[in-house]
Each structure stands twice: as C-alpha cells, then as structure tokens.
Amino acid sequence: MTSMSRARVARRIAAGAAYGGGGIGLAGAAAVGLLLAEVQLARRRVGIGTPDRVPNARGLYGGTLPTAGGAPLRLMMLGDSTAAGQGVHRAGQTPGALLASGLAAVAEQPVELDSVAQPGACSDDLDRQVALVLSGSGRVPDICVIMVGANDVTHRMPATRSVRHLSGAVRRLRTAGAEVVVGTCPDLGTIERVRQPLRWVARRTSRQLAAAQTIGVVEQGGRTVSLGDLLGPEFAKNPRELFGPDNYHPSAEGYSTAAMAVLPSVCAALGLWPADEEHPDALRREGFLPVARAAAEAASEAGTEVAAAMPTGPRGPWALLKRRRRRRVAEAEPTSPSGV
C-alpha cells in the first residue's frame with residue numbers, strides 16, 4: 001500500500017472515530033481471523049517461555065540527583081503487555097524503567113515511575129486505565145506513555161472503535177495537564193511463525209491502524225512514535241535477539257530498542273530536548289505535512305515522531321514529522337526498592 005492510499009484510509013478511520021462512524025475494518029474479517037489463529041498457534045507452539053508475572057518496575061529513578069527543591073518528574077505507563085514489559089525477568093529491562101532512567105539522566109532530576117498497563121489489554125481498556133491515573137491521590141503525571149494496538153488487531157476490534165478509545169484517553173490526559181506520547185501499533189508481520197500471505201496482511205493491517213492512531217492522537221494534542229517499522233526490519237534480521245522466549249513479546253534488547261525510539265519524544269514533550277533539534281531538518285527529510293500524510297509516512301519508517309504543528313490548512317490539520325536521533329538506554333533499576 002502506498003503512503004497516499006494509507007493516508008486516505010487513515011483519514012477515513014480517524015473521521016469515523018471522531019464522528020461515531022461504524023466499524024471501518026482494516027482487512028477482511030476472514031484474513032484477520034486467520035491471523036489471530038496463526039498468532040495464537042505460534043504462542044502455543046513455543047510452550048513455556050515468557051512468565052505471566054510482569055516485573056514490578058515502579059519506583060524512583062535517579063534518586064541521587066538533586067531535585068532543586070521540587071518534586072520528582074512523574075512518568076506513567078499505560079497500554080498493553082508491551083507497555084508493562086511482559087517477556088523480561090528484571091524490572092530494569094522493562095520499557096518503563098528504561099524510559100524513567102533515561103529521562104532522569106536527561107532532566108538531571110529524579111523520575112517517579114508508575115504503571116497501570118495491563119497485559120492483554122485492547123484500546124477499550126484505556127478508559128479504565130485513565131480513570132485509575134486521574135483518580136489517584138497523587139498529582140497528575142508530567143508525562144504519560146501509551147503503547148497499545150496489537151491486541152486490537154488480533155481481537156478484530158473495529159479500527160474506528162480502537163482509535164476512538166485511544167483519542168479519548170489522550171484527550172482526558174491532556175485536559176488534566178499531562179503530556180502524552182503514544183507508541184503506535186507494532187508490526188505484527190514480524191512474528192516469526194506467521195507466514196505469507198498472512199505476514200503481508202499483518203503488516204498492512206498494523207500500519208493502517210498505526211497511521212489512524214497517529215491522526216487521532218495528534219488531533220488531541222499528543223504526539224506519536226512509530227514502533228512498527230522500527231521493530232520490523234530489526235526483528236526480522238535478529239528474531240532470536242529481539243524477541244523473547246515466546247517469540248511474541250520483545251526481549252530485553254527489543255524493549256531497549258523501543259525505549260531508544262520513544263525517549264527523545266518524551267524528553268521533547270517536556271521541553272528537555274536540545275532546542276536546535278526542535279526545528280525540522282531537511283537532510284533527515286523532516287518537515288510540516290498534512291497530519292494524514294505525516295501519519296502515513298511515520299507508519300512506514302522506524303522511530304518517526306509526529307506532533308501537532310499548525311492549526312489547520314486547506315487540507316486539514318498539519319503536523320511536524322521528526323526523525324529524532326536514537327540514544328541507547330542502559331538497563332535501569334529504581335533507587336527506591338519499595339516502589340511507589
């Protein structure tokens with residue numbers, strides 16, 4: 001599918017989500033049903049592997065850094081098993097811990113990490129997760145990172161419904177005062193045991209949803225980072241290194257790769273990234289585009305960020321497309337073993 005046709009499909013899905021349209025599908029129901037069966041079979045074939053227990057990464061990171069009299073930055077993880085870090089054994093290998101450690105180093109102040117992410121969650125669980133975030137006794141998080149979408153595809157959730165729930169979650173968090181970064185739907189075509197032609201269906205479906213998610217998120221004041229194409233080529237080349245024991249969830253190295261892509265956008269959302277990198281770089285093919293076109297391009301390229309830019313143009317809302325440099329994030333451990 002070309003970038004322009006993906007942009008058209010993403011616009012239709014986002015419009016249906018915004019205005020209560022019906023269930024606009026991403027691919028034929030029969031094909032997606034086969035994809036779901038293939039994914040489930042792949043996981044059963046592996047047998048034991050990924051533990052059901054997700055490491056508890058909640059806690060204070062960078063606790064030895066000065067706070068300048070203020071409270072630590074608050075980072076909240078929402079979404080599915082990818083956001084929770086299922087597939088690794090140590091807390092410091094989860095994406096939340098990696099992001100908290102990296103953010104503490106860039107901000108030069110402690111970061112308090114919490115999570116309401118739920119393994120197996122679809123986008124409709126974000127309503128519950130956001131309610132937990134906003135009903136807590138603590139202050140609103142400074143930054144929320146959402147990773148969601150894969151289960152929407154495998155559970156055949158209509159794309160309009162998926163985007164509607166995600167957009168609503170971003171709107172509620174932004175209204176409360178939190179910055180939001182969303183890691184869009186990963187590329188299910190990288191699952192090793194999914195074969196052609198279902199691999200092509202999985203890749204096409206994942207990218208369509210990722211593009212539609214981007215439009216919905218950006219229109220609500222959040223920003224997105226493409227995970228699908230980032231993980232796709234690298235996972236395809238190194239499946240043994242980047243997938244965990246179940247060949248479905250990322251390994252520690254896989255989560256580190258994802259965290260490297262998301263961290264610059266988290267820092268930029270909080271105004272912590274170098275000012276000279278906030279301007280579009282023509283050499284990296286960055287620039288201002290209609291949001292649907294930016295969303296389609298981001299869905300096809302590793303680690304691409306899309307954020308709201310100009311209010312509205314002749315072709316609708318505009319966005320800034322950035323290809324930020326990735327920086328490696330070392331495995332981290334909280335300095336507060338008791339958690340938060």
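Within the 3.5 Å criterion, the main-chain N or O of Val217 finds no donor-acceptor partner in the side chain of Gln220. Remark: side-chain polar atoms of Ser167 are not paired, donor with acceptor, to backbone N or O of Arg164 under 3.5 angstrom. Proximity of a side-chain donor or acceptor of Asp80 to a complementary backbone N or O of Gly120 within less than 3.5 Å is not detected. Remark: side-chain polar atoms of Thr175 are paired, donor with acceptor, to backbone N or O of Arg171 under 3.5 angstrom. Side-chain atoms of Tyr255 come within 3.5 Å of backbone atoms of Gln86 as a donor-acceptor pair (strictly under, hydrogens ignored).
In this structure, Leu227 CG and Thr82 OG1 are separated by 8.0 Å, a value rounded to the nearest 0.5 Å. Atom CG of Leu134 sits about 9.0 Å away from atom CE of Met76, to the nearest 0.5 Å. The distance from atom OG of Ser81 to atom CG of Asn151, rounded to the nearest 0.5 Å, is 6.0 Å. Between the SG atom of Cys144 and the CD atom of Gln129 there is a distance of 10.5 Å, given to the nearest 0.5 Å. A distance of 11.5 Å separates CD in Gln118 from CG in Leu126, rounded to the nearest 0.5 Å. Separating the CG atom in Leu132 from the CG atom in Asp127 is a distance of 11.0 Å, to the nearest 0.5 Å.
Judged as a side-chain contact (heavy atoms from CB on, under 4.5 Å), and not counting sequence neighbours, the contacts of Ala268 are Arg223, Trp273, Glu278, Arg324. Take Ala294 and apply the side-chain contact (heavy atoms from CB on, under 4.5 Å) test, not counting sequence neighbours, and it matches Leu289, Val306, Ala319, Leu321. Remark: Glu179 engages Ile143, Arg174, Ala269, Leu270 in a side-chain contact (heavy atoms from CB on, under 4.5 Å) (not counting sequence neighbours). Qualifying salt bridge (Lys or Arg N to Asp or Glu O under 4.0 Å) partners for Arg172, counting only residues two or more places apart in sequence or in other chains: none. Residues meeting the side-chain contact (heavy atoms from CB on, under 4.5 Å) test with Ala210, sequence neighbours left out: Thr184, Cys185, Gln213, Ala299.
Under a 4.0 Å N-O distance rule, the pair Glu112/Arg58 does not qualify as a salt bridge. Salt bridge present: Glu297 and Arg323 bring a charged side-chain N and a carboxylate O closer than 4.0 Å.
When hydrophobic clusters are built by joining Ile, Leu, Val, Met, Phe, Trp and Tyr residues whose side-chain heavy atoms come closer than 4.5 Å, directly or via intermediates, Val111 is grouped together with Leu99. Neither Leu113 nor Val133 shares a network with the other; the hydrophobic side chains, linked directly or stepwise wherever heavy atoms of I, L, V, M, F, W or Y lie under 4.5 Å apart, form separate groups for each. Both Val225 and Leu103 belong to a common hydrophobic cluster when Ile, Leu, Val, Met, Phe, Trp and Tyr are linked at side-chain heavy-atom distances under 4.5 angstrom. Met157 and Leu166 sit in two unconnected hydrophobic clusters of ILVMFWY residues. Membership requires side-chain heavy atoms under 4.5 Å apart, directly or through other members.
Pairing each heavy atom of Pro72 with each of Asp142, the nearest pair is O-OD2, 4.1 Å. Here the shortest heavy-atom pairing between Ala97 and Ala91 reads CB-O, 3.2 Å. Minimum interatomic distance between Ala169 and Val130 (heavy atoms only, all atoms of both residues): CB-CG2, 3.7 Å. Residues Ala107 and Leu272 come closest through the heavy atom pair CB-CD1, 3.6 Å. For Val218 against Ala307, the heavy-atom pair with the smallest separation is CG1-C, 4.0 Å. Across all their heavy atoms, Gly62 and Pro110 have their closest contact at O-CG, 3.3 Å.
At least one side-chain heavy atom of Val145 sits under 4.5 Å from a side-chain heavy atom of Leu75. Counting only heavy atoms from C-beta outward, the side chains of Pro141 and Asp114 never approach each other to under 4.5 Å. You'll find the side chain of Gln109 reaches within 4.5 Å of the side chain of Leu73, heavy atoms only. Using a 4.5 Å heavy-atom cutoff, the side chains of Pro55 and His89 are not in contact.
Among Leu98, Val182, Val181, the one residue that satisfies the side chain to side chain contact (heavy atoms under 4.5 Å, CB included) test with Val262 is Val181.
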*asked:* Between Glu286 and Lys322, does the salt bridge (charged side-chain N to carboxylate O under 4.0 Å, His left out) criterion hold? Intermediate values first, please.
replied: CA-CA 5 Å; Glu286 299 176 345; Lys322 292 281 294 178; 3.0 Å; yes
Side chain to side chain contact (heavy atoms under 4.5 Å, CB included) between Val116 and Met77: does it pass, once the steps are laid out?
CA-CA 6 Å; Val116 293; Met77 300 295 295; over 6 Å; no
| said: Run the side chain to side chain contact (heavy atoms under 4.5 Å, CB included) test on Val163 and Leu209 for me, step by step, so that the C-alpha distance in whole Å, both residues' side-chain angles and the decisive distance to 0.1 Å come before the verdict. | reply: CA-CA 8 Å; Val163 174; Leu209 180 56; 4.2 Å; yes
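Within the structure, salt bridge (charged side-chain N to carboxylate O under 4.0 Å, His left out) contacts touching residues 92-102 (residues at least two apart or in different chains) do not occur.
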